[in-house]
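Everything on this sheet refers to the single structure shown next.
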Amino acid sequence: QVQLVESGGGLVQVGGSLRLSCAASGRTLSGITMGWFRQAPGKEREFVAALRWSGGSTHYADSVKERFTISRDSAKSMVYLQMMSLKPEDTAVYYCAALERGILSMIRTSRHYQYWGQGTQVTVSS
């Protein structure tokens, strides 16, 4: 079992920055892929970024590449999503998720993730 708690959401102006945090607990994160997803009102949940704990490779949705950075603090079992140059279309509830024993082809699909946080709201105002 993995428990996930997000924090760091809020209201920010267009062009601003926010850093989301995800605290993981319950088991070692070796072999886990940590992902960030988001869901805007009336839309499906979409992939934002992922980090494979073993090896540290990162993966991004095209819509956030060059603007968002996923990172980790292994000692604290924390995952972060640094968001820069925010746009109104980035407004959504952001979720941290964990995928056990996932292969690369699975990491962009929310249904493969077994564990989810409660979500944190990010609102970008113009």
Practice problem: Verify side chain to side chain contact (heavy atoms under 4.5 Å, CB included) between Val2 and Gln114, making sure each step is shown before the conclusion. | Solution: CA-CA 9 Å; Val2 180; Gln114 296 95 344; over 6 Å; no

Practice problem: Run the numbers on Asp90 and Arg67 for side chain to side chain contact (heavy atoms under 4.5 Å, CB included), then give the verdict. | Solution: CA-CA 11 Å; Asp90 295 318; Arg67 299 189 298 123; 2.8 Å; yes

Exercise. Take Val79 and Trp36, measure what side chain to side chain contact (heavy atoms under 4.5 Å, CB included) needs, and give me the verdict at the end.
Key: CA-CA 9 Å; Val79 178; Trp36 285 99; 3.6 Å; yes

Quiz item: Between Phe37 and Tyr113, does a ring-ring contact (aromatic ring centres under 6.0 Å, His included) hold up when you go through it step by step?
Solution: CA-CA 10 Å; Phe37 289 79; Tyr113 286 73; 4.9 Å; yes

Exercise. Check the pair Arg19, Tyr80 against side chain to side chain donor-acceptor pair (under 3.5 Å), reporting the backbone distance first and the verdict last.
Key: CA-CA 7 Å; Arg19 189 178 81 156; Tyr80 304 102; 4.7 Å; no

Exercise. For Val48 and Leu81, run side chain to side chain contact (heavy atoms under 4.5 Å, CB included): C-alpha distance rounded to whole Å, both residues' side-chain angles, the deciding distance at 0.1 Å, then the answer.
Key: CA-CA 9 Å; Val48 175; Leu81 186 68; 4.1 Å; yes

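Salt-bridge annotation for Lys65 and Asp62: present, with a side-chain N of the basic residue lying under 4.0 Å from a carboxylate O of the acidic one.
Taking both residues in full, the closest heavy atoms of Ala40 and Thr91 are given as CB-O, 3.7 Å, listed atom of the first, atom of the second, then distance.
In this structure, the separation between OG on Ser25 and CD on Gln1 is 10.5 Å, given to the nearest 0.5 Å. Taken from OG in Ser126 to CG in Leu86, the straight-line distance is 12.5 Å, to the nearest 0.5 Å. Atom CD1 of Ile70 is separated from atom OH of Tyr60 by 6.5 Å, given to the nearest 0.5 angstrom. Rounded to the nearest 0.5 Å, atoms CG (Leu99) and OG (Ser110) are 11.0 Å apart. Atom CG of Leu51 is separated from atom NE2 of His59 by 8.0 Å, given to the nearest 0.5 angstrom. One finds the CD atom of Glu89 at 8.5 Å from the NZ atom of Lys43 (value rounded to the nearest 0.5 Å).
Judged purely by atom type and a 3.5 angstrom limit, Gln13 has no side-chain atom pairing as donor or acceptor with the backbone of Ser125. The backbone N or O of Ala75 sits nowhere less than 3.5 Å from a side-chain atom of Arg72 that would complete a donor-acceptor pair.
Under a cutoff of 6.0 Å and an axis angle of 45°, Arg45 and Tyr95 form a cation-pi pair.
Heavy-atom contacts from other residues, nucleotides or ligands closer than 6.0 Å to CD of Glu66 number 12 or fewer. Counted within 6.0 Å of CD on Gln118, heavy atoms from surrounding residues, nucleotides or ligands total more than 12; the atom is thus considered enclosed. The neighbour count for Met78 CE, taken as heavy atoms of other residues, nucleotides or ligands under 6.0 Å away, is above 12.
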